[in-house]
Amino acid sequence: MKFQDWLNRDASTPWPYQQVDLIARRADDQEDPGGVCFRLAFKWVACQVYDRAFKFEVSEANAEKIVAKQGVYLKAIAPYEQRVGPGTAFRGDRYERFFTNVDRISTNLLNVWGRKANRYNLTFRSTRARELVGRPEFARDVSMVIGLYGKEPTPWAHATAFHRKGTQAKYFDPNGGEFDCEPGDPVAEMIRKDVKRYATDGYSLDEFALYVVTGS
């Protein structure tokens, strides 16, 4: 699907892909992680870099492994989510600590996943961004996971991904699927429009971390 068509969709349009469908296929003894966006965004980026097929058909994907990998990540960031907590904890120093620690854990784990022998050889660098529009990363060939971070109603995060090579550009959201960008599309503005829906119903969308592939 074209990215612009997705942005213009009617609210009743079925989502092409949903991470919750994959989560539902986890093993019986696995807890519901609530989301596997971070692991899926990494897998999608790796598939783009190495020109491999991403398994959009959830019956073909290894749901148990994906949930387990995301679980490792969630357990690592859980202490920081609990520490900042609700209420008055949203003042700058508390949120700053949350962002700093989750960003550090995210970068480290992406590099752990990216250095798997005989599978990947990816390295990632994190760049903090208050806004996507105008970022130079979107104007060149790039592969990256995009981290979304918010303060309200509790500190939270989501992950999407972007890949450009030459005139070909694609965007991936684990809550929607893969979308093709047309040459000349203002992709940063389009991604910003897409992720703004995560700042609805009382949720803030405060800043981003661009986890850019720097070596492969």
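All heavy atoms count here, side chains included; hydrogens, waters and symmetry mates do not. Sequence positions, counted from 1, serve as the residue numbers for this chain.
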Which is it for T127 and R125 under the side-chain hydrogen bond (donor to acceptor under 3.5 Å, both in side chains) test, yes or no, and what are the steps along the way? CA-CA 7 Å; T127 298; R125 172 183 52 81; 2.5 Å; yes
Does any non-hydrogen side-chain atom of [Y] lie less than 4.5 Å from one of [X]?
{"X": "V145", "Y": "F162", "value": "no"}
{"X": "P33", "Y": "I23", "value": "yes"}
{"X": "E131", "Y": "R192", "value": "yes"}
{"X": "L110", "Y": "V112", "value": "no"}
{"X": "D206", "Y": "Y149", "value": "no"}
{"X": "Q4", "Y": "E182", "value": "no"}
{"X": "P16", "Y": "W6", "value": "yes"}
{"X": "C181", "Y": "M190", "value": "no"}

Return all side-chain donor-acceptor pairs below 3.5 angstrom for residues 69-77, not counting sequence neighbours, or 'none' if the list is empty.
from, atom 1, to, atom 2, distance (Å)
Q70, OE1, R39, N, 3.0
Q70, NE2, G35, O, 3.3
Y73, OH, S106, OG, 2.8

Ignoring hydrogens, what is the shortest heavy-atom contact between [X] and [Y]? Give both atom names and the distance.
{"X": "V142", "Y": "E137", "value": "CG1-O, 3.3 Å"}
{"X": "R135", "Y": "L210", "value": "NE-CD1, 4.0 Å"}
{"X": "C47", "Y": "A53", "value": "SG-O, 3.8 Å"}
{"X": "F124", "Y": "N111", "value": "N-OD1, 2.7 Å"}
{"X": "A161", "Y": "A41", "value": "CB-O, 4.0 Å"}
{"X": "S126", "Y": "T107", "value": "CB-OG1, 3.3 Å"}

When clusters are formed by joining ILVMFWY residues with side-chain heavy atoms under 4.5 Å apart, either directly or through shared neighbours, do [X] and [Y] land in the same one?
{"X": "F208", "Y": "V133", "result": "no"}
{"X": "I105", "Y": "F98", "result": "yes"}
{"X": "M1", "Y": "I191", "result": "yes"}

Could you measure the distance from the CD atom of Q19 to the CG atom of L40? Nearest 0.5 Å is fine.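 The distance works out to 6.5 Å.
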Atom pair CD1 (I146) and CG (L132), whose distance is rounded to the nearest 0.5 Å: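 Atom-to-atom, I146:CD1 and L132:CG are 6.0 Å apart.
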By ring pair (Phe, Tyr, Trp, His ring centres under 6.0 Å) - contacts of W156 (at least two apart): Y203
Partners meeting ring pair (Phe, Tyr, Trp, His ring centres under 6.0 Å) with H158 (sequence neighbours left out): Y198
Tell me, with the steps shown, if F172 and F54 meet ring pair (Phe, Tyr, Trp, His ring centres under 6.0 Å). CA-CA 11 Å; F172 173 74; F54 181 85; 5.3 Å; yes
Is the count of non-hydrogen atoms from other residues, nucleotides or ligands lying under 6.0 Å from [X] atom [atom1] greater than 12?
{"X": "D10", "atom1": "CG", "value": "yes"}
{"X": "E31", "atom1": "CD", "value": "no"}
{"X": "D51", "atom1": "CG", "value": "no"}
{"X": "Q30", "atom1": "CD", "value": "yes"}

Is a side-chain donor-acceptor pair under 3.5 Å present for D103 with Y211? yes
Is there a donor-acceptor contact under 3.5 Å linking the side chains of Y171 and D194?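 Side-chain D/A pair, Y171 to D194: present.
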For R140, enumerate each residue passing the salt bridge (charged side-chain N to carboxylate O under 4.0 Å, His left out) test, keeping only those at least two apart in sequence or located in another chain. none
Output, in order, the C-alpha distance, side-chain angles, deciding distance and verdict of side-chain contact (heavy atoms from CB on, under 4.5 Å) for V213 and M144. CA-CA 6 Å; V213 176; M144 63 178 158; 6.0 Å; no
Passes side-chain contact (heavy atoms from CB on, under 4.5 Å), R164 versus V187? Steps please. CA-CA 10 Å; R164 180 195 295 279; V187 292; 3.6 Å; yes
Using a strict threshold of under 4.0 Å (side-chain N to carboxylate O), is an ion pair present between K2 and D185?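 Salt bridge between D185 and K2, a charged N being under 4.0 Å from a carboxylate O: no.
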Check this for me: does any side-chain nitrogen of one of E96 and R128 sit under 4.0 Å from a carboxylate oxygen of the other? yes
Would you check if the side chain of [X] reaches a backbone N or O of [Y] as a donor-acceptor pair within less than 3.5 Å?
{"X": "T200", "Y": "R197", "answer": "yes"}
{"X": "E64", "Y": "R26", "answer": "no"}
{"X": "S204", "Y": "K151", "answer": "yes"}
{"X": "D173", "Y": "T160", "answer": "no"}

What do the steps show when you test F56 against E178 for side-chain contact (heavy atoms from CB on, under 4.5 Å), and what is the final call? CA-CA 9 Å; F56 287 100; E178 178 183 278; 3.4 Å; yes
Could you work out, with side chain to side chain contact (heavy atoms under 4.5 Å, CB included) as the rule, every residue matching R104, not counting sequence neighbours?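 Counting only residues at least two positions away or on another chain, R104 forms a side chain to side chain contact (heavy atoms under 4.5 Å, CB included) with Y80, N101, N108.
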Excluding sequence neighbours, so at least two apart, what forms side chain to side chain contact (heavy atoms under 4.5 Å, CB included) with A61?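 If we apply the side chain to side chain contact (heavy atoms under 4.5 Å, CB included) test to A61, skipping adjacent residues, the hits are L22, K55, I66.
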Describe, in one word, how the ring planes of F38 and W113 are oriented to each other, choosing from parallel (under 30°), tilted (30 to 60°) and perpendicular (over 60°).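 It falls in the tilted class, 30° to 60°.
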